[in-house]
Amino acid sequence: MQKTRQTLFAFTFFAFALGVITSITNAAEIQYLGVSEIVEPPPTPADVAPSYEEIKPDSWEGRGLSAAEVLSALPGIQSYKQGGMGSFQTVSIRGVAARNVLICIDGVPVNDAGGGAADLGVIDLNNIEKIEVYKDRVPAKFGGAGLGGAINFVTKSAIRKNGSKGTTGRILATIGSHNSFEGSAQVSASPKDSIQFSATLSARHSDNDYEFLNRNGTAYNTDDDFTDKRENAEFTEYSGNLQYRILHKGDFFSTISASVTHTESGNPGHESSQTKVAEFVGDNAQVSYRLEAPILWQSLLLEAGVSGKFEKNVSASYYPLDYIGYSYPDFIHYGLAGYRLIPELTGTLILDRFESSVRLGASAEKWEARGTIKDFGIARYTGSIAANGEFALTKWLSLFAEGNILKTNDEIDGGKFLMPTGTAIISDAEDRDLCFAGMVQAKFGKKDGWFGGNISIGRYYRQPQLMELYGVYQGVLSNPKLKDETAVRFEVGGFVQSPSKKSTLRATYFDTQLENGIFWTVSTNTMKAFNVDDASIQGIELELNSRPANFFETTIRGTIQDPRDESKVRMYNSKILPSEPVHSYYVEGKFYLPLHFDLALDVNYRTRIYTDRLNKTRQPPVARYNAALGFAPWETTRLILGITNISDETYTNIFAPNPTPGREWHFTLLQKF
């Protein structure tokens, strides 16, 4: 019955979107499709914020890299990955934990009510047009709430910036190690002068049955170690997105976007505690509608939009679970389902020397338990206003400011959930105070100039998520008194270009002071969140991009940081923050060879890290070498052979609880039409 309701919901959801598309098409007076964006010259280093990065598909297509691995090539970003394709993976930014990094798809947050880090493993890069990375802040267009910056995955767009017509598309097919494959098909069409449409369908799979060194439950005794193969680690995912854009009478634009993802995977467990029957199933659907008004007075652009999102994640297992030892019933089934509605209104004003935007946003989300926990439900309603503005004082100096205010109201519906010791009931939610964030920044440097820089300071916050406040899983206790996590962040940076502009050197110093960090305390079979973390993080980022010859270009990046735990608990004070290296480096070289060949080589190195706050469990330094050989026999055809971790065929980190794959290969065909 529940599956029938879910199917009916999905059908109704997309039928509604299709109906909106049809009604708009029928109602519109068709005319030439222009672009309502205010056109600016291409950005130069002086125009782009030093802490903003943009990653294009060339960085991942055919190279066998996951989203987290692609992001960790940037200075200041560290990745964490639990296994092969589709496994749980996250990134931290400048020492700020992954759960404090806002992850968005087309501007809509994907961080759920659980309070943990968003899982980047379920993002299929074949659906992505570019990745926007904001390392110093969460921009106003995303609501402005967050401590550790923002990462926005932008799906394939229907907008053709060159004004071309007709139908174009591409097909990608990949096979690789461990019976893995990826397939993606994209089409972009302009059936009428006033209509643009794009759609992408993708699928990927891997058995993930790679070999690793099993320590047999004795991490420091090598005599009983043996080579084992990963079990119950398979991963399958189907995803797709579409975008429909139309010009109405009066130069109004409508854009409808929709995306859907279905994931099925095993739940392999840790090393010698591998399971054989546990599974995970996830479903995500997102629909957005945006209306753009014509440009007023050649300077003002108004946009209104609404997004709806459905998410369900369910884990299931059957007794016995090999070597796990849990004394649960024969069938364990639990998870969360959430519904979210996000309306927003944005105004952008561009004058000769002044540019600003204001966003009024709201959200209503409801989360319900699935499986064993059947009666728990909770809702969160938020309203926010975020704004930014930049004023050019002179041709070489500008001032930028940004801020936001957020109000949240939580409501408990039922509040009944199971615990190891019985049933607990939460009747009322706590009132939340207003949240404030803001930053100011000065930027200097002329357009097309050979040097520039910036200096900024800001205060940021992150509200506790619903599971951290009220607990929605078995064994998770509530703590409604949790405070907001806050941070004060300072940054100063600059760049210099060679006279020929073939080389650019960037350097950035950052300083972050975190307060009231949320940490989970575990006791027997229960968990509870507390505000016990303070942290101090200072560091330097360096980046050199150079193309000394037409056949070669290189990128060298480095991060040197001191991420210190400043907790009030003496045993943690002055320790290195978990999962944060002191040094990390990335080097890439691209060779453009004769006969339409190209070769990319890269290495990503980090120093040792600690996996616990006491700094007792160490993971040694790691260097991963990757290579990709490309061949383009025709202008529309490209073949790519990618090899990851080429230095160690059976690579595994004996100090990590989740073994990672060794050497892997991927062969990709990319055909455009």
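Treat the numbers as computed from the prediction; the structure is a model and nothing was measured.
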Would you say L74 and I55 make side-chain contact, with heavy atoms under 4.5 Å?
-> yes
Between K156 (side chain) and Q186 (backbone), is there a donor-acceptor pair under 3.5 Å?
-> no
Kindly give the heavy-atom pair with the smallest separation between P581 and S584, and that separation in Å.
-> CG-CB, 4.4 Å
Classify the side-chain pair S239/T261 by whether it contains a donor and acceptor separated by less than 3.5 Å.
-> no
Consider only side-chain N and O atoms of Q78 and Y80, and report whether a donor and an acceptor are under 3.5 Å apart.
-> no
Run the numbers on R94 and I537 for side-chain contact (heavy atoms from CB on, under 4.5 Å), then give the verdict.
-> CA-CA 8 Å; R94 292 178 173 173; I537 308 159; 5.6 Å; no
Hey, could you give me the OG1/CG distance between T200 and N241, rounded to the nearest 0.5 Å?
-> 4.5 Å
Verify whether one side chain among T275 and N232 offers a donor that lies under 3.5 Å from an acceptor in the other.
-> yes
Derivation and outcome, side-chain contact (heavy atoms from CB on, under 4.5 Å), residues I131 and N152 | CA-CA 6 Å; I131 306 174; N152 184 38; over 6 Å; no
Are E264 and T236 close enough that a side-chain donor and a side-chain acceptor fall under 3.5 Å?
-> no
Heavy atoms of other groups near K616 NZ, more than 12 under 6.0 Å | no
N454 side chain to E491 side chain, donor-acceptor N/O pair below 3.5 angstrom = yes
Within-4.5 Å side-chain heavy-atom neighbours: Y460 and V138 = no
Is the closest side-chain heavy-atom distance between I151 and L102 below 4.5 Å?
-> no
Atom of S202, atom of N127 and distance for their closest heavy-atom approach = OG-OD1, 2.8 Å
Is the closest side-chain heavy-atom distance between E54 and V133 below 4.5 Å?
-> no
Between S315 and E279, does a side-chain hydrogen bond (donor to acceptor under 3.5 Å, both in side chains) hold up when you go through it step by step?
-> CA-CA 6 Å; S315 295; E279 67 176 3; over 6 Å; no
Classify the side-chain pair T636/Q671 by whether it contains a donor and acceptor separated by less than 3.5 Å.
-> yes
T637 side chain near F631 side chain, heavy-atom distance below 4.5 Å | no
Sidechain-backbone polar pair: D534 side chain, N516 backbone, donor-acceptor under 3.5 Å = yes
Out of curiosity, L593 CG to D598 CG, how far, rounded to the nearest 0.5 Å?
-> 7.0 Å
side-chain contact (heavy atoms from CB on, under 4.5 Å) assessment of T263 paired with V281 | CA-CA 6 Å; T263 302; V281 177; over 6 Å; no
Is the distance between the ring centroids of Y134 and Y52 under 6.0 Å?
-> yes
Exam field: side chain D612 to backbone T617, donor-acceptor pair closer than 3.5 Å | yes
Would you call E237 and R204 a salt bridge, taking side-chain N to carboxylate O under 4.0 Å as the test?
-> yes
Could you tell me whether E61 and R170 have a side-chain N and a carboxylate O separated by less than 4.0 Å?
-> yes
Is the Lys NZ or Arg CZ of R618 less than 6.0 Å from the centre of Y610's six-membered ring, within 45° of the axis?
-> no
Report yes or no: do S66 and E69 form a side-chain donor-acceptor pair below 3.5 Å?
-> yes
Counting distance only, does the side-chain N/O of T554 pair as donor-acceptor with the main-chain N or O of S546 below 3.5 Å?
-> no
Mark yes when over 12 heavy atoms from residues, nucleotides or ligands other than F591 sit less than 6.0 Å from its CZ; otherwise mark no.
-> yes
Below 4.5 Å, heavy atoms only, C-beta onward: do R230 and P661 meet side chain to side chain?
-> no
Go through the steps to decide whether T155 and D106 satisfy the test side-chain hydrogen bond (donor to acceptor under 3.5 Å, both in side chains), and finish with yes or no.
-> CA-CA 7 Å; T155 59; D106 291 333; 2.6 Å; yes
Salt bridge flag under 4.0 Å for residues E182 and R63 = no
Side chains of T668 and T174, donor plus acceptor under 3.5 Å | yes
If you measure from the Lys or Arg side-chain nitrogens to the Asp or Glu carboxylate oxygens, is any gap between E132 and K130 under 4.0 Å?
-> yes
Passes side-chain hydrogen bond (donor to acceptor under 3.5 Å, both in side chains), H205 versus D207? Steps please.
-> CA-CA 7 Å; H205 168 84; D207 290 345; 2.9 Å; yes
Are F280 and N313 close enough that some pair of their side-chain heavy atoms sits under 4.5 Å apart?
-> yes
Donor-acceptor pair, side chain of E311 and main chain of N284, under 3.5 angstrom | no
Rounded to the nearest 0.5 Å, what separation is found between the CD atom of E588 and the OG atom of S59?
-> 7.0 Å
Taking the side chain as every heavy atom from C-beta outward, state whether N208 and F235 have any atom pair closer than 4.5 Å.
-> yes
Verify, without hydrogens or angle tests, whether K672 (side chain) and I171 (backbone) share a donor-acceptor contact under 3.5 angstrom.
-> no
In sequence, state the C-alpha distance, the side-chain angles, and the governing distance for E211 and R663, and then conclude on salt bridge (charged side-chain N to carboxylate O under 4.0 Å, His left out).
-> CA-CA 10 Å; E211 292 185 343; R663 184 183 304 155; over 6 Å; no
Do the ring planes of H262 and Y238 sit parallel (below 30°), tilted (30 to 60°) or perpendicular (above 60°)?
-> parallel
side-chain contact (heavy atoms from CB on, under 4.5 Å) between D119 and Q89, worked out = CA-CA 6 Å; D119 182 9; Q89 54 188 272; 4.3 Å; yes
Okay, side chain of R570, backbone of N573: is any donor-acceptor separation there less than 3.5 Å?
-> no
Kindly compute the distance separating CD (Q441) from CG (D136), expressed to the nearest 0.5 Å.
-> 6.5 Å
Closest contact, heavy atoms only, E541 versus P75 | OE2-O, 3.5 Å
Distance, nearest 0.5 Å, that separates CD of E543 from OG1 of T555 = 6.5 Å
Around F551, counting heavy atoms of other residues, nucleotides and ligands shown, do more than 12 lie under 6.0 Å from its CZ?
-> no
Side-chain ion pair, R489 and D511, N-O less than 4.0 Å | no
Any donor-acceptor N/O pair, S498 side chain to S503 backbone, under 3.5 Å = yes
T559 (side chain) donor-acceptor with G76 (main chain) under 3.5 angstrom | yes
May I ask you to check whether Y592 and E553 show a side-chain donor-acceptor distance below 3.5 Å?
-> yes
Identified side chain to side chain contact (heavy atoms under 4.5 Å, CB included) partner of E485 from the options N100, V96, L514 | N100
Please report the shortest heavy-atom distance between F495 and R506, naming the atom on each side.
-> CB-CG, 3.8 Å
Quick one: does R564's side chain have a donor or acceptor within less than 3.5 Å of a partner on S536's backbone?
-> no
Nearest-0.5 Å distance, CZ of residue F597 to CG of residue L639 = 9.0 Å
